[in-house]
2 protein chains.
Amino acid sequence: MKDVQNSIPQHKQLYQTLKAQIQNGVYQPGDLLPSEHALCKVFSVTRPTVRQALSNLVTDGLIKKQRGKGSIVQAAKTGIGILSIKGTTASLPAGALETRVVHPPQVVKWQRDFDFEISEAEMQAGCIRMSRLRLIGQVPVLYETTNLPNINLPRFCNRSFDNKSLFNTLSKYYDIEVVGGEQKIWALPASGEICQLLKLEAGQPLLHLQKRYETSRPFFNFYSSLWCNTEQYFLQGPF
Amino acid sequence: MKDVQNSIPQHKQLYQTLKAQIQNGVYQPGDLLPSEHALCKVFSVTRPTVRQALSNLVTDGLIKKQRGKGSIVQAAKTGIGILSIKGTTASLPAGALETRVVHPPQVVKWQRDFDFEISEAEMQAGCIRMSRLRLIGQVPVLYETTNLPNINLPRFCNRSFDNKSLFNTLSKYYDIEVVGGEQKIWALPASGEICQLLKLEAGQPLLHLQKRYETSRPFFNFYSSLWCNTEQYFLQGPF
DNA sequence: GCAATCAACTTGTAATGACAAGTTTACTCA
DNA sequence: TGAGTAAACTTGTCATTACAAGTTGATTGC
């Protein structure tokens with residue numbers, strides 16, 4: 001922390017260092033970080049600086065502080081508001097979740113099977129639509145249709161989404177991160193093609209979600225519509 | 001801020017004062033709070049103390065700070081991950097949402113009608129349980145059972161929860177803020193007493209949520225189980 | 001009248017010192 | 001051996017000082 005002329009504040013440098021170390025597993029959940037005094041010495045900064053860095057880690061939920069004890073590393077959160085599938089009885093066996101592409105990405109016109117407002121720019125750019133089915137042990141559990149505005153996403157339709165996450169692809173190739181969004185949730189009786197895809201009888205309770213994802217790219221949102229058979233599994237997520 | 005012998009830290013007193021003023025509308029969204037220097041003079045504290053109070057308001061999302069300008073009061077958030085009821089066609093008319101207490105708060109033993117792990121301390125302290133029915137225009141839409149550990153909540157069972165929010169009560173009287181949590185969601189066919197409460201026919205699709213709320217009070221969680229008739233309304237929320 | 005500049009604000013960063021309060025560990029004494 | 005205590009930790013609180021950096025508005029000069 002000697003390069004004071006560096007434009008990055010010291011507390012931010014320390015914050016980033018500790019954050020990377022936690023995320024890379026240098027400190028495991030339950031571990032204690034070095035004490036504030038120790039961090040002062042190691043990084044050659046004063047305690048207010050260390051405390052500001054730690055305070056930001058607390059805000060991020062990466063650590064919890066306990067008076068008299070220290071800074072306790074917390075278990076990583078899976079992602080804000082992102083729901084994942086969990087079994088009602090036990091956690092999913094590794095590799096049991098299969099993703100099958102029903103409709104590969106294709107440029108189409110926007111349709112209104114989700115009820116979020118679309119901006120004029122998005123409307124004119126057109127829509128990349130894809131739909132995927134997720135199965136747990138050969139049993140279809142979730143059907144998802146994703147709509148992205150066709151804005152500056154070169155070669156998107158050529159990419160494979162079999163097992164890779166859409167989020168990873170957007171992050172890796174297009175530097176787009178999901179930063180938030182909104183969702184609507186309700187239960188409805190199964191009907192039509194969803195019955196066939198999820199192999200459900202008509203009238204069975206079905207969980208339906210419509211999501212708008214906000215991203216780090218300004219004014220770039222994308223949209224998902226999900227149908228989930230929750231007879232044996234449910235959706236779970238932090239908030 | 002003169003009573004230093006008071007056990008409440010000065011930055012916390014200032015935080016609570018400002019928070020109350022914001023929530024009571026003394027400062028409107030978009031307004032600027034008094035400058036840090038001004039707050040120092042008014043409350044007879046130093047700038048680090050003021051800055052800590054403001055920092056907590058930033059974490060709460062009640063203000064945003066802008067260098068060179070000041071502390072800008074933000075519009076009240078609906079609550080992170082907190083789902084609210086919305087109509088499928090239009091937003092709810094003001095005052096249309098009624099809350100009816102089915103079971104007033106009562107100290108009981110913990111039961112396992114929600115599947116989150118309870119700590120030993122929580123188990124021994126016992127449980128305050130209450131259940132409320134929410135109606136939109138005399139139509140019951142949502143039934144919610146809330147379970148709180150009976151730890152340091154004086155006079156809780158005597159409080160009224162007819163129209164006031166549980167969150168407001170916890171914040172105002174016990175200084176407990178919800179900072180996050182996790183939830184499980186699934187759809188199921190209506191059955192039993194829920195049918196009667198929500199006036200549904202058996203077998204109708206019903207939305208079920210189980211939530212664990214983490215709070216600003218260390219190790220203090222509380223739990224909710226919700227059943228929602230989503231024939232005409234759905235749940236909505238940011239993430 | 002208009003634009004550039006500067007002064008007077010604002011918050012951000014940082015060092016230093018001191019004491020309070022909670023936790024853990026080691027030691028002492030019964 | 002055991003329990004109690006004290007010391008050595010930890011983080012929490014708070015005052016003080018100084019300067020950096022961004023914003024705003026008034027002033028100045030054209």
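Quick note on labels: first sequence line is chain A, next is B, and so on, each numbered from 1.
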Nearest to side-chain heavy atoms of B:Glu36, which nucleotide of D:dC14, C:dT11, D:dT11: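 Out of D:dC14, C:dT11, D:dT11, the nucleotide with an atom closest to B:Glu36's side chain is C:dT11.
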Among D:dT13, D:dG12, C:dT10, the one nearest B:Ser35 by side-chain distance: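 Side chain of B:Ser35 sits closest to C:dT10.
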A:Arg212 and A:Glu214 ion-paired at < 4.0 Å: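 Salt bridge present between A:Arg212 and A:Glu214.
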Protein N or O to nucleotides 3-5 of chain D N or O, pairs below 3.5 Å:
none

Gap between atoms [atom1] and [atom2], on [X] and [N] respectively (whole Å):
X       : N      : atom1 : atom2 : answer
A:His37 : C:dG17 : NE2   : C1'   : 14 Å
B:Ile8  : D:dC14 : CD1   : C1'   : 16 Å
B:Ile72 : C:dT11 : CD1   : C1'   : 11 Å
A:Lys12 : C:dG12 : NZ    : C1'   : 11 Å
A:Lys64 : D:dG12 : NZ    : P     : 14 Å
B:Phe43 : D:dC14 : CZ    : P     : 14 Å
B:Gln10 : C:dC19 : CD    : P     : 17 Å
A:Arg51 : C:dA20 : CZ    : P     : 17 Å

Residue whose closest nucleotide on DNA chain C lies nearer the 5' end, B:Leu54 versus A:Thr46: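 Closest to the 5' end, via its nearest nucleotide, is B:Leu54.
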Close aromatic pair by centroid cut-off 6.0 Å: B:Tyr173 and B:Phe156: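 Ring centres of B:Phe156 and B:Tyr173 not closer than 6.0 Å.
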Ring pair (Phe, Tyr, Trp, His ring centres under 6.0 Å) involving A:Tyr15 - partner list, sequence neighbours excluded: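 Scan of A:Tyr15 (ring pair (Phe, Tyr, Trp, His ring centres under 6.0 Å), adjacent residues dropped) gives none.
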Under 4.0 Å protein heavy-atom contact, by nucleotide of nucleotides 21-27 of chain C - B base, S sugar-phosphate only: BBSS---
Partners meeting side chain to side chain donor-acceptor pair (under 3.5 Å) with A:Arg159 (sequence neighbours left out):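 If we apply the side chain to side chain donor-acceptor pair (under 3.5 Å) test to A:Arg159, skipping adjacent residues, the hits are A:Tyr174.
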Sequence-distant partners of A:Gln21, side chain to side chain donor-acceptor pair (under 3.5 Å), two or more places apart: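 Partners of A:Gln21 by the side chain to side chain donor-acceptor pair (under 3.5 Å) criterion come out as none, since no residue qualifies.
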Listed partners of A:Lys64 passing salt bridge (Lys or Arg N to Asp or Glu O under 4.0 Å), at least two apart: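 Testing A:Lys64 for salt bridge (Lys or Arg N to Asp or Glu O under 4.0 Å), a comparison that skips the adjacent residues, returns none.
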Phosphate OP1/OP2 of C:dT13: any A:Gln52 side-chain N/O under 4.0 Å: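 For A:Gln52, the contact criterion (side-chain N or O under 4.0 Å from OP1 or OP2 of C:dT13) is met.
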Contact under 4.0 Å: B:Thr49 side-chain N or O vs D:dA15 OP1/OP2: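 Yes, B:Thr49 has a side-chain N/O under 4.0 Å of OP1/OP2 on D:dA15.
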Closest-nucleotide ordering on DNA chain D, the 5'-leading residue of A:Pro48 and A:Gly70: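 First, find each residue's nearest nucleotide; the 5'-ward one identifies A:Gly70.
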Side-chain donor/acceptor of A:Arg47 to base of C:dG17, under 3.5 Å: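 It does not, because no donor-acceptor pair links the side chain of A:Arg47 to the base of C:dG17 below 3.5 Å.
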Among B:Leu209, B:Leu207, B:Thr145, B:Leu142, the one residue meeting side chain to side chain contact (heavy atoms under 4.5 Å, CB included) with B:Trp227: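 Per the side chain to side chain contact (heavy atoms under 4.5 Å, CB included) rule, the option paired with B:Trp227 is B:Thr145, out of B:Leu209, B:Leu207, B:Thr145, B:Leu142.
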Side chain to side chain donor-acceptor pair (under 3.5 Å) assessment of B:Thr49 paired with B:Gln10: CA-CA 7 Å; B:Thr49 305; B:Gln10 297 179 26; 4.9 Å; no
CA sep, side-chain torsions, deciding dist, call: A:Asn221, A:Tyr213, side-chain contact (heavy atoms from CB on, under 4.5 Å): CA-CA 5 Å; A:Asn221 299 322; A:Tyr213 294 99; over 6 Å; no
Face-on cation placement of A:Lys211 at A:Phe222 ring, 6.0 Å and 45° thresholds: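 No; the conditions do not both hold, so A:Lys211 does not lie above the ring face of A:Phe222.
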